[in-house]
Amino acid sequence: MSLATLLILPLLSIHQLLLPTLAYLHPTLRSPFQDLAVYGLCPKTTFHSSPHTPPTPNIVRWNDAACSSGSILASFNGPSVPHPGPSIFTASGELVWHSNEYGVAMNLRLQTYNNGPVLTFWAGEKAATSGKGSYYILNERYELVRKVDVVGGELFGDLHEFITTPEDTAILTVYNTTIADLSGMGLARGKESWVTDSLFQEIDLESGELLFQWSALDDFDPKETYMGQPLSGFAEDSGFDSFHINSVDKHPGSGDYLVSSRHTHTLSLISGEDGEVLWVLGGAGNDFEDLSLEAEGGSAIEFRWQHDARFVDAALLPIKLREYGDEEEGVYYVSLFDNQKAGPLHRDAEQSRGLILRLDTRDEASMTAEVVQSFTSTYGTLAGSQGSVQILPPSPSL
Ligand SMILES: *[C@@H]1O[C@H](CO)[C@@H](O)[C@H](O)[C@H]1NC(C)=O
């Protein structure tokens with residue numbers, strides 16, 4: 001027996017035998033031990049009655065009175081997940097439903113279509129930072145009622161966004177590699193370089209007709225990007241992803257679109273009438289004065305690599321924030337997930353944060369942005385990719 005084996009064997013038996021036994025006797029140890037990979041890198045739950053093997057959730061902290069008892073929608077994928085697909089769990093982590101009929105899925109959501117509740121998700125081929133696939137709408141019996149595709153022969157449905165609207169239209173994102181001017185962006189990039197454009201479409205779900213389309217390259221110069229991509233721009237299969245659209249929301253009143261761009265650090269409002277950029281929050285072309293720069297919640301405009309920007313109905317703000325709840329035209333409440341990190345190359349803070357902002361655009365000459373609330377996770381997570389913020393209805397017992 002080699003010296004290395006002699007050293008590893010006792011450690012392995014502690015990790016694989018002693019710790020699981022301790023957790024069996026003291027169930028409160030399960031959660032920290034799961035983080036120490038005592039149960040493997042991606043612990044799975046198995047069933048006698050079903051072939052599904054969903055990842056075992058690790059509940060880090062729980063409060064019966066304050067935590068929402070609603071279901072959790074998730075779509076796992078990656079090398080440790082043998083059966084990727086949309087999944088639903090109870091709040092305590094038991095599997096309610098999972099499908100492996102659609103392959104790799106993302107962005108499972110509960111939405112409304114034809115006046116009824118539906119499940120929606122994207123499924124298809126996942127590329128490094130986007131995807132090529134279609135969108136699926138399932139009814140309450142988990143039956144497929146509609147498969148939605150992007151309009152335009154050469155285009156593919158991207159995984160980042162798929163929302164339905166009260167008018168039974170859908171908004172989705174598209175990544176399209178094309179030629180654009182990257183001269184001055186270093187590494188001998190020229191006037192004709194490969195750029196991955198960010199688009200979104202609004203489609204009528206009944207007829208499939210394209211109602212609206214916007215392209216980031218029309219309004220945002222690739223030079224406004226913060227993303228370093230030393231190997232991109234030179235070949236068609238590795239376009240320079242200067243904008244990286246990752247969410248679109250439609251304002252219920254004005255019909256304008258809120259677009260989040262991870263790589264320019266901007267939220268922008270796009271006119272639903274003519275596609276014009278009405279304002280830009282954050283990034284190189286920021287239009288707002290920051291009222292929170294020195295405040296406790298941190299800056300309202302210095303979010304970085306953010307995801308999931310949504311209009312928030314002021315009436316649904318938590319009670320202690322109601323003082324803010326003015327619903328005048330031109331005042332917006334917006335939630336977003338402020339990553340502050342992107343991949344291994346960019347790290348701008350110690351933790352990611354959830355943010356609720358108040359944007360006052362009533363006076364075009366002096367628009368202001370303010371942090372209404374900011375929150376970080378129990379674990380101080382710094383997420384280099386993805387993330388979301390949802391405001392849940394208040395717990396009935398509070
Ligand atoms: C997508 O890119 C191609 C070039 O590769 C271009 O011809 C086409 O117009 C683009 N489509 C849209 C909708 O921008």
Side-chain angles (χ1 to χ4, degrees), residues 106-107 122-135 147-165 169-185 187-225 227 229-250 255-264 266-278 280 283 285:
M106 295 283 285
N107 200 10
W122 171 94
E125 185 193 326
K126 218 174 147 224
T129 55
S130 63
K132 291 181 171 181
S134 305
Y135 311 90
K147 175 172 177 275
V148 181
D149 283 300
V150 164
V151 178
E154 81 281 20
L155 302 176
F156 297 94
D158 162 59
L159 54 83
H160 285 93
E161 186 66 282
F162 182 74
I163 53 168
T164 60
T165 70
T169 68
I171 298 168
L172 48 87
T173 47
V174 180
Y175 280 64
N176 185 39
T177 302
T178 186
I179 296 282
D181 185 358
L182 293 184
S183 49
M185 292 189 68
L187 298 168
R189 289 187 181 110
K191 275 198 166 331
E192 302 216 328
S193 297
W194 291 103
V195 175
T196 302
D197 191 12
S198 285
L199 302 113
F200 75 84
Q201 297 186 340
E202 181 166 0
I203 291 173
D204 182 272
L205 282 171
E206 208 46 53
S207 65
E209 187 196 345
L210 178 64
L211 304 173
F212 189 89
Q213 177 169 289
W214 180 81
S215 143
L217 271 183
D218 288 346
D219 291 306
F220 284 81
D221 189 328
K223 290 186 187 62
E224 290 181 34
T225 198
M227 192 52 146
Q229 297 172 76
L231 301 176
S232 300
F234 304 102
E236 187 171 6
D237 60 4
S238 60
F240 191 98
D241 182 8
S242 59
F243 191 79
H244 199 85
I245 194 167
N246 59 21
S247 72
V248 185
D249 201 11
K250 190 174 184 180
D256 297 329
Y257 303 94
L258 180 69
V259 169
S260 166
S261 155
R262 180 192 193 227
H263 293 178
T264 64
T266 58
L267 306 189
S268 41
L269 192 71
I270 308 300
S271 162
E273 266 166 31
D274 56 13
E276 196 193 324
V277 180
L278 299 173
V280 177

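When reading the values below, keep in mind they use all heavy atoms of this one structure, side chains included, and skip hydrogens, waters and symmetry mates. Just follow the structure's listing: the first ligand is 1, and inside any ligand the first atom is 1.
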Are any side-chain N or O atoms of Thr225 and backbone N or O atoms of Ser242, one a donor and one an acceptor, separated by less than 3.5 Å? yes

Can you sort out the partners of Asp241 under side-chain hydrogen bond (donor to acceptor under 3.5 Å, both in side chains), two or more places apart, ordered by chain and number? His244

The side-chain hydrogen bond (donor to acceptor under 3.5 Å, both in side chains) partners of Ser238 (sequence neighbours excluded) come to none

Nearest 0.5 Å, what's the OG1-OH distance between Thr173 and Tyr135? 4.5 Å

Residues 208-215, side-chain donor-acceptor partners within the protein, below 3.5 Å, at least two apart:
from: Gln213; atom 1: OE1; to: Gln201; atom 2: NE2; distance (Å): 2.8
from: Trp214; atom 1: NE1; to: Asp219; atom 2: OD2; distance (Å): 2.9
from: Trp214; atom 1: NE1; to: Gly275; atom 2: O; distance (Å): 3.3
from: Ser215; atom 1: OG; to: Asp197; atom 2: OD2; distance (Å): 2.8
from: Ser215; atom 1: OG; to: Leu217; atom 2: N; distance (Å): 3.3

When you pair each N or O of ligand 1 with protein N or O atoms, which pairs come out under 3.5 Å?
from: ligand 1; atom 1: 2 (O); to: Asn176; atom 2: OD1; distance (Å): 3.2
from: ligand 1; atom 1: 2 (O); to: Asn176; atom 2: ND2; distance (Å): 2.4
from: ligand 1; atom 1: 5 (O); to: Thr177; atom 2: O; distance (Å): 2.9
from: ligand 1; atom 1: 11 (N); to: Glu154; atom 2: OE2; distance (Å): 3.4
from: ligand 1; atom 1: 11 (N); to: Asn176; atom 2: ND2; distance (Å): 2.9

Closest approach of Gly272 and Asp256, non-hydrogen atoms and distance? N-OD1, 2.8 Å

